[in-house]
Number of protein chains: 2
Amino acid sequence: MELSSHTETPSETSPDSGALSGTDERQAVRLWLRLLGCTHRLEQALGQRLRRGFGTSLARFDYLAQLQHYPDGLRMKTLSRRLMVTGGNITGLTDQLLADGFVTREVDAKDRRSHIVRITPLGLATFECMAVAHRQWVGSLLAGVPEGDRRLLHHLLGGLAQSLDNLPAE
Amino acid sequence: MELSSHTETPSETSPDSGALSGTDERQAVRLWLRLLGCTHRLEQALGQRLRRGFGTSLARFDYLAQLQHYPDGLRMKTLSRRLMVTGGNITGLTDQLLADGFVTREVDAKDRRSHIVRITPLGLATFECMAVAHRQWVGSLLAGVPEGDRRLLHHLLGGLAQSLDNLPAE
DNA sequence: TATTGTTATACTCTATAACTATA
DNA sequence: TATAGTTATAGAGTATAACAATA
């Protein structure tokens with residue numbers, strides 16, 4: 001194609017270490033800025049609706065969304081990894097949700113350092129209510145993108161996510 | 001195709017108001033979660049590097065990135081709109097950058113309510129130094145995605161951004 | 001009256017580091 | 001020694017509302 005005015009083979013520049021040409025770096029930045037812009041706008045819109053509609057936050061919503069898939073509960077350390085957040089924050093979020101009666105926290109019998117957090121029936125019911133609204137909000141926010149494009153985006157972002165998994169672990 | 005088990009024509013459900021079928025809503029949520037995950041991971045990686053390498057934040061970096069394109073400066077209100085942040089925050093960010101000597105702030109002669117913020121030579125030099133590093137970081141973080149996929153992503157996200165522009169203004 | 005920006009306040013999310021208790 | 005979680009602290013980002021100056 002006509003794209004390749006600058007396509008020295010990557011293997012020449014760097015076998016596998018992941019350096020791009022200057023041109024490609026600039027293109028990568030443009031992609032990143034667009035990714036960031038879209039995400040921030042959606043995040044603000046959803047965060048605002050979540051706050052106004054349910055008095056909650058995206059972080060708490062995501063927390064419950066994780067927990068909801070595990071009726072037997074999750075260890076806080078696992079949640080920390082899943083939500084990509086350090087341990088101290090999980091303690092704080094857990095305290096809030098505990099106060100709301102949305103989760104329980106108990107010591108793991110097998111490893112008494114660990115605590116298991118479980119979602120309560122009230123938490124589950126509340127989450128499901130929020131999830132319905134959330135689903136409709138997301139649907140209406142993304143309705144302007146054709147179905148095929150959404151599907152393609154999902155696929156391509158899957159590739160990005162995977163390539164982020166395989167990074168040299170900083 | 002096999003996708004269409006649930007494809008009532010959108011015009012039936014809603015002519016233009018943007019409601020999706022339940023199936024499409026769920027697919028939209030999956031897309032949104034993937035978008036959010038990728039962005040957060042990149043944002044954390046870049047934010048961390050920016051903090052450790054330059055003692056600054058993404059917000060300040062973005063602020064300078066905007067300003068850098070306008071040697072004649074920008075009004076704070078304009079920055080507020082561009083950075084999608086409320087006015088009070090712009091005041092705070094401006095104060096910080098002012099203290100660093102990276103920007104100047106003066107009253108607009110034509111509208112004395114307004115203030116014009118300009119980037120200083122020091123601010124510009126500093127920004128350009130950070131921008132080089134930033135570009136390389138982004139390049140290496142996205143290097144695992146094939147060039148064609150990056151290009152396609154950029155294109156599709158442009159469509160998303162545009163469709164977000166055309167939303168019913170919440 | 002409406003707009004620009006400032007100030008003050010508060011809340012959420014986050015990281016870090018020191019700490020306890022278990023392993 | 002290493003790990004799980006807590007606590008305390010700090011800082012970034014944000015929203016809101018009251019306010020001053022100007023339009």
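Order of the sequence lines sets the chain letters (A, B, ...), proteins ahead of strands, with each chain counted from 1.
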Problem set entry | Nucleotide C:dG5, atom C1' - distance to CZ of B:Arg105 in whole Å | 9 Å
Exercise. C:dT4 phosphate, OP1 or OP2: any side-chain N/O from B:Arg81 under 4.0 angstrom?
Worked result: no
Exercise. Looking at D:dT7, C:dG5, C:dT6, which one has an atom nearest to any side-chain atom of B:Lys77?
Worked result: C:dG5
Exercise. Rounded to whole angstrom units, what separation is found between the CG atom of A:Leu93 and the P atom of D:dT6?
Worked result: 12 Å
Exercise. Can you check whether B:Arg52 has a side-chain N or O nearer than 4.0 Å to OP1 or OP2 of C:dA15?
Worked result: no
Problem set entry | More than 12 heavy atoms of other groups within 6.0 Å of B:Gln162 CD | no
Problem set entry | Straight-line distance of A:Arg135 CZ to B:Gln27 CD, nearest 0.5 Å | 13.5 Å
For this session: Please report, rounded to the nearest Å, how far the P atom of C:dT4 is from the CG atom of B:Asn89.
Result: 16 Å
Expected rows: protein N/O vs nucleotides 17-23 of chain C N/O, under 3.5 Å:
residue	atom	partner	partner atom	Å
C:dA23	OP1	A:Arg112	N	3.1

For this session: Quick one: label B:Ile90 by what it contacts on the DNA or RNA (base, sugar-phosphate, nothing), any heavy atom closer than 4.0 Å.
Result: nothing
Exercise. Are A:Phe127 and A:Phe61 an aromatic pair by the rule of ring centers under 6.0 Å?
Worked result: yes
Exercise. Tell me: CG of A:Leu46 to P of D:dT14, nearest whole Å?
Worked result: 16 Å
Problem set entry | A:Arg34 side chain to B:Leu157 backbone, donor-acceptor under 3.5 Å | no
Exercise. What's the verdict on salt bridge (Lys or Arg N to Asp or Glu O under 4.0 Å) for B:Arg41 and A:Asp165, showing C-alpha distance, side-chain angles and the deciding distance?
Worked result: CA-CA 10 Å; B:Arg41 289 169 68 175; A:Asp165 281 337; 2.8 Å; yes
Seminar exercise, completed: Here the distance between atom C1' of D:dT7 and atom CG of A:Asp95, to the nearest Å, is 10 Å
Seminar exercise, completed: Between OH of B:Tyr63 and P of D:dT14 the distance, given in whole Å, is 14 Å
For this session: Report yes if a side-chain nitrogen or oxygen of B:Ser57 is closer than 4.0 Å to either non-bridging phosphate oxygen (OP1 or OP2) of D:dG13; otherwise report no.
Result: yes
Exercise. At under 4.0 Å between heavy atoms, what does A:Glu43 touch on the DNA or RNA strands: base, sugar-phosphate, or nothing?
Worked result: nothing
Exercise. Between A:Gln96 (CD) and C:dT14 (P), how many Å, whole number?
Worked result: 11 Å
Exercise. When the nearest nucleotide of DNA chain C is assigned to B:Arg75 and to A:Ala59 on a heavy-atom basis, which residue is associated with the more 5' position?
Worked result: B:Arg75
Problem set entry | Phosphate OP1/OP2 of D:dG13: any A:Gln44 side-chain N/O under 4.0 Å | no
Seminar exercise, completed: From the list A:Leu93, A:Thr56, A:Val103, side chain to side chain contact (heavy atoms under 4.5 Å, CB included) with A:Leu64 holds only for A:Val103
Exercise. When all nucleic acid strands are considered with a 4.0 Å heavy-atom cut-off, which category describes A:Ser114: base, sugar-phosphate, or nothing?
Worked result: sugar-phosphate
Exercise. Is any side-chain nitrogen or oxygen of A:Thr91 closer than 4.0 Å to OP1 or OP2 of D:dG5?
Worked result: no
Exercise. Between atom CG in A:Leu98 and atom C1' in D:dT6, what is the gap in whole Å?
Worked result: 14 Å
Exercise. Can you find a side-chain donor-acceptor pair between B:Ser163 and B:Asn166 that sits under 3.5 Å?
Worked result: no
Exercise. Considering heavy-atom distances to DNA chain D, does A:His40 or A:Met76 have its closest nucleotide positioned more toward the 5' end?
Worked result: A:Met76
Exercise. How is A:Thr86 classified with respect to the nucleic acid when contacts are heavy atoms under 4.0 Å: base, sugar-phosphate, or nothing?
Worked result: base
Exercise. Okay, side chain of A:Arg75, backbone of A:His115: is any donor-acceptor separation there less than 3.5 Å?
Worked result: no
